Amino acid sequence: MLRTSQWIHNLALLKPTPYRPWRHSIRLSLGTGVPLLIGQLSGHTGPMLYVALGGFLAAVTVRLDPYRERFRQLGISALIGATGCLIGPEVGGHGLATIALLMTVGLLSGLVSGYGAAFSTGALNMLVLAVVNAHAPAVLPAWLVFVNYLAGAAFVAAMLGIGALFERDRPERRMLANIVTMLARLARASEAVGKVPTPDNRRRMIDARRALSDATKTAYATLIEKRSHGRARTRDTLKTAAVLSLVNQLSMAIIAARGHDLAATANKLDAMARAYMSRAGRPSGAGSDTPQPDQTIQLAERLAATMWPSPAARDQMPADQQAPTQDAVFSASLATRVARRLVLGREVVISALRLSLCMGLAVALSHVLPGDHSYWLPMTVAIVLKPDFGSVFLRAIHRSLGTLAGVAIALAIAALVPKGIAFVPVIMLLCAVIPFAGLRSYAVMVTFLTPVILLMIDLVSSGPVASYDIQRLADTLAGSAIALVFGYLIWPRSQERQLGRAFSDAMEKIGAYLAAATVRQTEDEAELAQLRQNLLAREFAASRTLSDLRTVLGRLVAEPPPAGREAAAWFPAIAGAERLSDAITVYAEGRRMGDPPPDADRALRAEKALAAIADDRPGETRPGGREKDDRFGDVEAEIAWIWAYLRRRPGQKQGQSSSAEPAFR
């Protein structure tokens, strides 16, 4: 009962804003308001509404990725989303067939969402726009709606480009600098608790650990997302992965050193954070002048060396970027590389089927209920079941509460502000608040997003806003109920076991992938072809299970306790599984270029350690870490990292080992 009441308290609790999204706020306000203003002044309200909608949907999501990644995500999501403008008029107006067609669009949206955040955002927009355009009267040709929507997204991209000219990598730099600052805060809190264990000191340490956990979860999620599509093994992603690995090690060392003198470590971390954010060089060891540096100082030095790599390390090219040789052991054609990226796991398919079922029920119910704008109910279902498979339970509650408050705001504005051009500055003000609200809570964001959509609709509608605001609230509650019952409650849920099974399955498939990559070379062409085929099959299987793992994690992380709390503890382990799979791929690419396999005993030790992790027996086979400084050593280091984390994972019930941890990178 206590845990349930605590989760209800956390459900309504507003999160602290980690930064001030002023630039994002300005882009969203201008991207939405400028087209609406032009439409009001020129008399072309209808066409410019879709320009404003394109700008709004392109700019509404809060992102901290580097600008290059933002442009990629914006381009993909805009192109996919705009197809909904073409699909909607084609599937609307066919009676029962419309229900089946929109269910198909919902299924397609769910499947496309499995390929990453950019595809998920675009698939959601595609589904929403298809629903709206299937129900709304066609006042413009579909191709013109398509072009106008993309024009709005292009306007936002142009404003984003202005920011990129001045600070290309500032978002990711800020993210890493904030994490290092939180490490320093944790070090000071840990020292204080050990020396003076007062309730205030304990509370400060708990707050510091939670803040660091939230920040690293976001960073891990971003890293996992980048590795889930494309050739993400760039220098930036490799550096970020190494930094996050060391952050996790350092946080555990700081907590273990509770009560010891950690001032030197905290001072060094603060100096590193300031230097990294200001683009200064690596700071001279602030606080590292102790005669015998402890483990936290040593890890902080390694973290600094990773954040400021030497020119020699920076110039080392990954082996998989070198040209292949003719004596290749393994090879992969362009077709197989593309097919590998198209692999989707079973969980993705099941979630897409749930979305399709709920969309069919919502569209059918919207045809039965009286009233105009019947697209609002299925649109609510699409957003609550958001195709990136987040927490249905949490989003349904937050969306219902936010819509209730948003409708009240829209009614108040409609009563106080004359309809027409006077709505535009109000919409721009509300848009400017949305990025700040989104960092606090989804419910707060919906509170300001709802009146924006209602007022935009009112600009092109003939009736008063009050005539359909109450109906919008009723549709939202009905849509949330459909999503909760048919997309959540009727399906069996065993969250911790489900996530544990998904992780074990992923580790088992990765172990099979490793075994296929370490086989001995053969001179027989038929056997060599069989080895290549087996390696490809094992890599497909590993990719498929990792896709399932990401889907399960994303769905459970915000569920009611204990699922959400347990899922959060799996973030680092799942990121480690992603890194391990990448390390095996690098090693296999080395084999492709003629590298010899490791000795049989060394490969067997790595495979046994992976099998023990997959069978949830991490205490039986302890990996020794990197045995040699070669490509296979990277695989060994990742296995050792996963083993060590699982032994100390929050919520782990087995006894903690007091012996020294295995070697790390």
Side-chain angles (χ1 to χ4, degrees), residues 4 7-8 10-12 96 98-111 113 120 123-124 127-128 130-131 134-135 346-371 373-407 442-443 446 450 470-499 551-552 554-564 567:
T4 302
W7 175 79
I8 293 175
N10 292 334
L11 178 69
L96 293 178
T98 295
I99 300 177
L101 291 171
L102 285 176
M103 288 180 67
T104 303
V105 176
L107 177 64
L108 178 63
S109 174
L111 295 175
S113 298
S120 175
L124 173 63
L127 181 57
V128 169
V131 169
H135 291 83
R346 175 175 174 271
E347 289 294 330
V348 177
V349 177
I350 291 176
S351 297
L353 289 172
R354 292 182 187 179
L355 176 61
S356 178
L357 169 64
C358 292
M359 286 300 300
L361 293 172
V363 174
L365 184 59
S366 68
H367 285 174
V368 174
L369 294 178
H373 305 283
S374 54
Y375 54 79
W376 195 276
L377 198 158
M379 185 177 73
T380 298
V381 170
I383 295 174
V384 171
L385 283 175
K386 192 173 187 295
D388 60 1
F389 314 118
S391 169
V392 173
F393 190 92
L394 189 70
R395 292 180 67 84
I397 293 176
H398 278 193
R399 182 157 187 86
S400 298
L401 295 175
T403 301
L404 177 62
V407 166
Y442 179 68
V446 173
T450 299
I470 302 302
Q471 182 186 328
R472 298 292 74 78
L473 177 60
D475 288 346
T476 297
L477 295 177
S480 297
I482 290 174
L484 275 176
V485 174
F486 297 96
Y488 179 77
L489 292 177
I490 67 173
W491 302 92
R493 301 183 309 282
S494 53
Q495 287 92 336
E496 169 64 10
R497 291 193 299 272
Q498 185 181 11
L499 189 53
T551 301
V552 174
R555 187 172 61 245
L556 297 183
V557 73
E559 291 292 307

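Residue numbers count from 1 along this sequence. Everything quoted here is computed from the prediction, not taken from an experiment.
Contact between S113 and A123 at its shortest, heavy atoms only, is OG-CB, 3.4 Å. In terms of heavy-atom proximity, L357 sits nearest to F486 at CD2-O, 4.3 Å. The shortest heavy-atom contact between S366 and P378 is CB-CD, 4.0 Å. When all heavy atoms of V381 and A362 are compared, the pair lying nearest together is CG2-CB, 3.6 Å.
Residues L355 and L127 meet the side-chain proximity criterion, which asks for heavy atoms closer than 4.5 Å. Residues V131 and M359 meet the side-chain proximity criterion, which asks for heavy atoms closer than 4.5 Å.
Put simply, CG on L477 and CG on L377 are 10.0 Å apart, with the number rounded to the nearest 0.5 Å. Distance CG/L353 to SG/C358: 11.0 Å, rounded to 0.5 Å. We find the CG-OG distance between L111 and S351 to be 10.0 Å, quoted to the nearest 0.5 Å. A distance of 10.0 Å separates CE of M379 from CG of L124, quoted to the nearest 0.5 Å.
With sequence neighbours excluded, the residues that form a side chain to side chain contact (heavy atoms under 4.5 Å, CB included) with L404 are L473. A search for side chain to side chain contact (heavy atoms under 4.5 Å, CB included) contacts involving I99 returns L96, M103, V363, A364, H367, not counting sequence neighbours.
When atom types are taken as modelled, the side chain of S480 and the backbone of T476 share a donor-acceptor pair closer than 3.5 angstrom.
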